[in-house]
Amino acid sequence: MAALWTLRLLLSACVLGCLALTTPEERPQPHNLPPSPGFNSSDGSLFVDLPMALRVFSVDYHHVQAPFEIVLWIMLASLAKLGFHWSGRVPAVVPESCVLIMVGLLVGGVIYGVRHSAPPTLSADAFFLFLLPPIVLDAGYFLPGRLFFENLGTILWYAVLGTLWNVLGIGLSLYGVCLLAESTLGDISLLHCLLFGSLIAAVDPVAVLSVFQEMQVNEQLHILVFGESLLNDAVTVVLYKLFESFLRLPSVSGLDVLLGGCRVVVVGLGGLFVGLFFGLVAALTSRFTSRAQVIAPLFVFLYSYLSYLTSEMLHLSGIMAIVTCAVTMKQYVEANVSERSKTSIQYFLKMWSSVSETLIFIFLGVSTIQDVHMWSWSFVCSTLLLCLIWRATGVLLLTAVVNKLRRNVVTFRDQFIIAYGGLRGAICFSLVFLIDDFPKKRLFITTTIVVILFTVFVQGMTIKPLVELLDVKRKKRALPTVSEEIHSRLIDHVLAGIEDVVGYWGQHYWKDKFEQFNKKYLRRFLIREDHQAPSSILRVYQELERREQRGDEEAPQLGDPRSPSRPLLPEEMDSIRRILSRNLQNFNNKQTPAYSRHTLHQDTSIDRTRKPLHRHQSLGERHTYNTITHWTQGEDGDFSGTRRMRAGLSRSHTVCSMSPRPFVQDSLVTAADPKSVREAPVERAPQKQLSFVLENENHHKLYKLGGAFLIGAACLFLFMLLLYVLWMEVVDVKRYILQERGDSCQNAQVSVLYGLSFMVAAAGVPLELVSGLVFMLVGRALLATFFVSFVNLKSPGTDQPTNPPTHPHTKHTHTHTANLCWGLELR
Amino acid sequence: MGSRASTLLREEEIEEIKKETGFSHSQITRLYSRFTSLDKGENGTLSREDFQRIPELAINPLGDRIINAFFPEGEDQVNFRGFMRTLAHFRPIEDNEKNKDHTASEPLNSRTNKLLFAFRLYDLDRDDKISRDELLQVLRMMVGVNISDEQLGSIADRTIQEADTNGDNCISFNEFIKVLEKVDVEQKMSIRFLH
């Protein structure tokens with residue numbers, strides 16, 4: 001709790017810092033004091049108005065301005081991200097990109113309000129040279145290679161043909177719209193429309209991935225969308241540059257179009273080869289880094305970035321280059337460098353790409369606040385509609401064709417996700433700024449911003465509920481029985497195993513050939529000698545661990561005679577189903593997303609070697625391990641917390657007077673250490689003691705949250721008041737105002753005083769503080785009373801006195817059958 | 001070693017395997033190359049260690065049982081015929097086979113045989129019944145450590161309850177078939193990248 005609002009305080013302090021520090025630049029210098037020797041009294045230095053003595057305290061902002069502002073922006077971005085992840089239920093509803101854009105909008109608005117001029121925009125150069133490469137590098141490095149190449153045909157199909165379809169469709173239809181609305185839009189030529197179409201059709205990998213974090217998508221769909229968004233960047237940028245160069249030519253002939261087509265191919269393949277070259281050189285270099293292991297990660301980044309810059313220099317596709325470079329060098333570099341270097345590489349990649357992405361979104365928000373907007377209802381609305389329509393039709397048509405050739409069909413749900421998940425992002429935005437100036441450029445900018453905001457907000461937020469609606473509609477037909485689920489899962493595992501036995505040969509003749517070539521030549525050349533033997537030791541170790549653990553598992557099972565099977569209540573069925581759906585999936589690794597922006601998915605082999613160990617240790621405590629800790633970890637977004645809360649509250653008053661629940665351990669004290677669960681061994685009453693949890697502690701949490709907010713707001717308020725006082729005392733406000741109003745209002749009467757608003761604000765601050773404290777106390781009191789009321793309900797069987805034990809680790813035993821409780825608890 | 005020559009596949013063998021399993025010529029040759037690549041000892045048969053060298057199989061919770069399914073009763077080596085015979089269970093059912101009249105013997109990849117393969121993974125002692133303990137073992141393998149024993153026991157109970165029609169607290173093969181009648185076993189138990 002305290003951490004949460006400290007974070008908010010930090011964040012708001014940062015924002016205010018950003019804004020406060022941008023203001024002093026604008027201020028004309030009211031003090032025309034002669035520069036005092038000894039330090040730099042350039043613009044923007046605040047100092048106390050002392051005579052020419054030694055300055056004890058001075059602020060020199062200009063000296064550090066540029067890096068300071070950059071760092072502040074990055075800090076703002078990162079704090080916003082942190083705050084987002086800490087904010088409870090928000091990540092489930094709003095994708096991160098939306099929140100970041102909103103923060104950007106807020107900051108942009110604030111800056112605009114203070115400075116009365118446009119806030120800094122994202123320059124296209126900064127975007128393409130500094131912000132985009134880390135993201136694409138991260139994407140390329142963690143690309144699941146096998147999956148990507150298996151689906152390469154489909155991906156290329158979607159990327160190239162789909163993009164072409166979209167570009168041409170949107171461009172031509174927009175031209176039609178412009179022709180229809182001759183009066184307002186008449187001066188937009190066909191080429192302009194095509195240019196606009198090319199930049200607006202680009203589906204952005206950054207935006208798409210940030211939305212996919214929340215959704216459960218199978219790995220095939222993930223790679224399709226991901227691969228498509230990567231490759232279509234190349235196509236888009238090429239088309240864009242093509243149309244732009246067409247625009248610069250006096251006239252366009254058929255030959256030019258043909259040359260343009262060739263150029264597309266050259267650009268794509270050229271980027272590929274540049275990337276390959278640098279990837280191989282990087283692999284070779286990494287071979288010799290054994291004596292200076294610390295700088296090994298540096299080479300990865302340097303070579304990738306170099307490949308990007310080189311291909312940009314040659315007007316080839318930088319994105320293709322950097323992705324190819326990353327994919328090529330990955331296996332050799334990872335074999336050559338030490339374990340720690342490998343982890344550093346992965347962490348740095350994630351960190352940089354994360355920062356980049358956050359900055360992009362925030363700047364998107366900031367740049368939206370501008371003076372240069374030009375609005376045209378017809379153009380904007382038709383663009384939005386056309387984007388959606390063309391994408392949907394494109395996906396449907398292409399999928400219909402490609403499904404005939406694939407073994408695993410792309411289902412309707414997948415198609416919907418591909419079509420609806422086509423979010424536009426920062427690439428469109430930067431590209432639109434790069435257009436040569438022409439009268440309607442501002443309209444294009446506005447439209448692009450609207451489309452980006454629409455897709456990110458509306459589509460990003462609604463895609464998950466829509467998909468769930470689709471799933472539910474299909475699932476409603478039959479709820480699988482428990483047997484079906486278990487046996488189906490068994491069959492899935494069997495199939496996975498058999499497929500591994502058979503190996504991925506089949507359609508991959510070229511892959512086999514490549515593997516042979518790889519083994520024979522490349523690996524020997526590019527990997528250090530001592531690292532070349534496949535890690536057979538690792539495998540033996542795995543095997544031993546497995547055998548040991550398996551031996552433990554096949555130890556005699558619980559032999560206690562169970563009561564004969566009784567019909568299970570529907571609530572129990574639900575809970576069983578929930579358990580199964582959560583736990584069985586953990587093993588079926590084909591369901592987890594293959595790429596994630598925020599977490600490192602470690603190499604499966606290494607991860608699994610640790611898992612048997614972990615399991616081995618925890619086997620001893622298996623019978624005391626408790627699902628409570630599992631459930632309170634909040635992974636269940638679909639659990640209706642409020643429902644349980646309300647039901648729980650009523651239950652505590654009605655039901656449990658009849659049959660008290662087995663309250664085991666510290667489910668309510670969520671901050672408690674889950675390890676302490678194991679301290680109190682569960683007593684084995686003859687009846688079932690099921691530890692499904694009752695959670696209605698959310699009440700007091702809400703109160704505390706409200707209190708925290710209020711206190712935070714009060715602190716902010718106070719800070720603002722302090723700034724105002726500082727302003728009043730330190731600066732000659734009268735002169736500043738007079739100078740501001742300078743020529744326009746000669747007879748202005750200015751008086752500077754602590755006015756009524758200041759008094760009101762000063763009075764408000766302590767009131768807010770007090771109310772925040774009151775809320776906190778209420779929350780605490782609720783928590784305490786809940787404990788008390790709960791503890792008071794004891795079973796008549798036990799003979800403990802009803803004094804409230806505040807120790808949260810008390811457990812209760814009871815003699816009533818738990819059936820009723822179990823059934824009712826789960827509602 | 002001199003055995004190299006004997007490991008080459010002869011045409012008659014391919015024909016026999018084709019008749020027995022239904023794989024096509026190209027599929028058989030490709031599976032043969034996979035067989036030889038797995039066969040590190042180069043003696044024309046696979047042992048359990050050869051299978052265990054496949055890393056993904058080591059992670060598979062049912063890995064050991066799947067490997068066991070390849071080896072006939074009590075033997076430690078499997079030759080190519082046996083290998084193909086097991087894999088034949090997972091051949092996708094072609095459309096033209098679906099309505100074929102099953103006269104003499106069912107093809108190895110019929111629905112019943114696929115289900116029999118799955119059944120045998122539970123039923124280790126081959127008594128044609130899945131007992132509660134056998135079910136619990138498999139469940140525990142699939143589910144991991146996050147579930148307590150009572151919950152697992154109740155899940156197992158429920159599973160048996162749903163299937164058991166004759167009240168012997170075990171699942172027989174017919175009961176197993178009946179429970180899975182709504183599941184699309186033919187599609188689920190087919191190797192996806194064969195064509």
Side-chain angles (χ1 to χ4, degrees), chain A residues 407-408 478 480-484 486-507 539 542-543 546 550 553-554 557-558 562 565 567-568 572-573 576 579-580 582-584 586-587 589 604-605 608 615 618-619 622-623 625-627 630 688-691, chain B residues 30-31 33-34 37-38 51-64 66 70 87 90 117-118 121-122 133 136-151 153-155 157-163 169 176 179-180 182-183 185 188-195:
Chain A
R407 181 88 204 163
N408 311 331
T481 63
V482 173
S483 311
E484 279 178 8
I486 292 182
H487 298 315
S488 306
R489 194 61 59 175
L490 176 100
I491 293 178
D492 283 340
H493 283 306
V494 169
L495 188 65
I498 296 281
E499 282 181 345
D500 292 325
V501 168
V502 172
Y504 279 90
W505 44 272
Q507 297 147 331
R539 293 187 193 178
Q542 267 179 309
E543 179 56 46
R546 229 168 29 90
R550 194 57 54 79
E553 279 183 351
E554 270 159 19
Q557 298 288 328
L558 326 154
R562 289 275 146 212
S565 53
L568 296 180
E572 293 169 344
M573 271 301 299
I576 289 181
I579 298 176
L580 279 183
R582 184 175 309 143
N583 282 289
L584 284 182
N586 289 339
F587 267 93
N589 61 346
T604 47
S605 58
R608 301 306 160 103
R615 260 206 269 173
S618 60
L619 273 179
R622 207 171 13 155
H623 62 279
Y625 196 94
N626 203 305
T627 50
H630 197 64
K688 291 190 204 270
Q689 267 191 14
L690 292 150
S691 40
Chain B
R30 283 191 189 152
L31 281 169
S33 65
R34 173 68 176 171
S37 75
L38 284 176
F51 280 103
Q52 280 153 1
R53 235 177 260 126
I54 305 172
E56 293 88 358
L57 213 51
I59 318 172
N60 195 312
L62 300 170
D64 271 347
I66 297 175
F70 278 91
L87 287 183
F90 292 89
F117 189 86
L121 286 176
Y122 281 107
D133 282 328
L136 267 178
Q137 278 180 25
V138 173
L139 271 180
R140 178 55 75 186
M141 278 196 267
M142 287 203 294
V143 141
V145 289
N146 288 335
I147 299 194
S148 68
D149 286 332
E150 308 99 29
Q151 287 162 341
S154 63
I155 293 176
D157 284 333
R158 174 70 186 180
T159 312
I160 294 184
Q161 220 184 12
E162 281 176 355
N169 228 22
F176 188 70
V179 164
L180 287 180
K182 285 211 205 91
V183 176
V185 175
K188 264 174 150 349
M189 278 184 89
S190 305
I191 308 181
R192 285 177 295 186
F193 36 81
L194 281 183
H195 59 104

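Per chain, numbering begins at 1; letters A, B, ... match sequence-line order.
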Contacting region of B/Leu38 [heavy-atom separation from chain A under 4.5 Å]: side chain
Using every non-hydrogen atom in the two residues, find where B/Ile54 and A/Val501 come nearest and quote the distance to one decimal. CD1-CA, 3.8 Å
Contacts of type side chain to side chain contact (heavy atoms under 4.5 Å, CB included), residue B/Val179, not counting sequence neighbours: A/Ser483, A/His487, B/Ala163
Should A/Asp500 and B/Phe51 be marked as a side chain to side chain contact (heavy atoms under 4.5 Å, CB included) after you check the CA-CA gap, both sets of side-chain angles, and the distance that decides it? CA-CA 10 Å; A/Asp500 292 325; B/Phe51 280 103; over 6 Å; no
Working to the nearest 0.5 angstrom, can you tell me the gap between A/Ile491 CD1 and B/Leu62 CG? 11.0 Å
For the CG atom of B/Asn60 and the CD atom of A/Glu499, what is their distance to the nearest 0.5 Å? 11.0 Å
Considering non-hydrogen atoms only, spot the tightest contact between B/Ala118 and A/Leu490 and give its length. O-CD2, 4.0 Å
Any heavy-atom pair between the side chains of A/Ile486 and B/Ile155 that's under 4.5 Å? yes
